[in-house]
Amino acid sequence: MFATRSNTGLINASSAEFAVQVAGAWQGKGLGARLMAKLIAYLRSRGTGALIGYCLRENTYMVALAKAEGFEVLPGPSEDTYTLKLPLR
């Protein structure tokens with residue numbers, strides 16, 4: 001497997017948490033963006049209010065992808081992480 005996405009379920013009645021992983025050899029080829037776009041479309045169609053994820057501050061590719069998709073990049077639960085939040089409604 002070269003890429004995966006996970007909708008780990010609802011955090012509460014209006015939010016879902018996500019994770020996206022792309023194998024090193026496949027990074028930079030647009031797979032993460034495609035997976036993210038499909039996940040966002042799916043969750044919007046289900047009426048989910050927000051999508052939330054976490055990444056390490058050093059993961060500049062994920063931060064760039066999140067910003068390109070319209071996510072807010074906020075301080076994370078620890079000093080070396082960001083919280084990524086996208087309102088879906």
Side-chain angles (χ1 to χ4, degrees):
M1 179 178 286
F2 53 84
T4 183
R5 66 145 166 78
S6 174
N7 169 15
T8 60
L10 294 178
I11 295 173
N12 56 45
S14 64
S15 298
E17 186 174 356
F18 77 95
V20 173
Q21 294 179 305
V22 178
W26 292 91
Q27 291 179 3
K29 300 180 187 306
L31 293 174
R34 286 183 186 166
L35 290 169
M36 185 65 73
K38 286 184 174 281
L39 180 60
I40 290 167
Y42 170 75
L43 292 172
R44 280 194 171 127
S45 76
R46 302 211 17 124
T48 305
L51 184 56
I52 300 170
Y54 306 93
C55 75
L56 293 172
R57 288 178 181 250
E58 66 191 42
N59 190 346
T60 56
Y61 292 112
M62 186 63 222
V63 173
L65 173 58
K67 286 180 178 180
E69 292 292 339
F71 280 79
E72 295 176 76
V73 179
L74 307 165
S78 63
E79 64 184 35
D80 64 341
T81 62
Y82 287 123
T83 296
L84 310 172
K85 184 176 181 182
L86 178 66
L88 297 174
R89 294 188 204 153

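Hydrogens, waters and symmetry mates are skipped; everything else that's a heavy atom, side chains included, is used. Here the structure is a predicted model, which is why all the values come from computation and not from measurement.
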For [X] and [Y], work out which heavy atoms get closest and say how close.
{"X": "Gly47", "Y": "Arg89", "answer": "O-NH2, 2.5 Å"}
{"X": "Lys85", "Y": "Ala50", "answer": "CE-CB, 4.3 Å"}
{"X": "Leu84", "Y": "Cys55", "answer": "CD1-SG, 4.0 Å"}
{"X": "Glu69", "Y": "Ile40", "answer": "OE1-CD1, 3.7 Å"}
{"X": "Ala16", "Y": "Leu43", "answer": "CB-CD1, 4.1 Å"}

Kindly state whether the ring of Tyr82 and the ring of Phe71 have centres lying under 6.0 angstrom apart.
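No, ring centres 6.0 Å or more apart.
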Verify the neighbour count for atom CZ of Arg34: are there more than 12 heavy atoms of other residues, nucleotides or ligands below 6.0 Å?
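For Arg34, atom CZ is not crowded (no more than 12 foreign heavy atoms under 6.0 Å).
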Out of curiosity, [X] [atom1] to [Y] [atom2], how far, rounded to the nearest 0.5 Å?
{"X": "Phe18", "Y": "Thr48", "atom1": "CZ", "atom2": "OG1", "value": "13.5 Å"}
{"X": "Arg46", "Y": "Leu88", "atom1": "CZ", "atom2": "CG", "value": "13.0 Å"}
{"X": "Lys29", "Y": "Leu31", "atom1": "NZ", "atom2": "CG", "value": "8.5 Å"}
{"X": "Gln21", "Y": "Met62", "atom1": "CD", "atom2": "CE", "value": "11.0 Å"}

Same cluster or not: Leu65 versus Tyr42, using hydrophobic residues (I, L, V, M, F, W, Y) connected whenever any side-chain heavy atoms lie under 4.5 Å apart?
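In one cluster: yes.
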Taking only distance into account, with no hydrogens and no angle test, what donor-acceptor pairs under 3.5 Å do side-chain atoms of residues 72-79 form with protein atoms, sequence neighbours excluded?
unit_1, atom_1, unit_2, atom_2, d
Ser78, OG, Asp80, OD1, 2.6
Ser78, OG, Thr81, OG1, 3.3

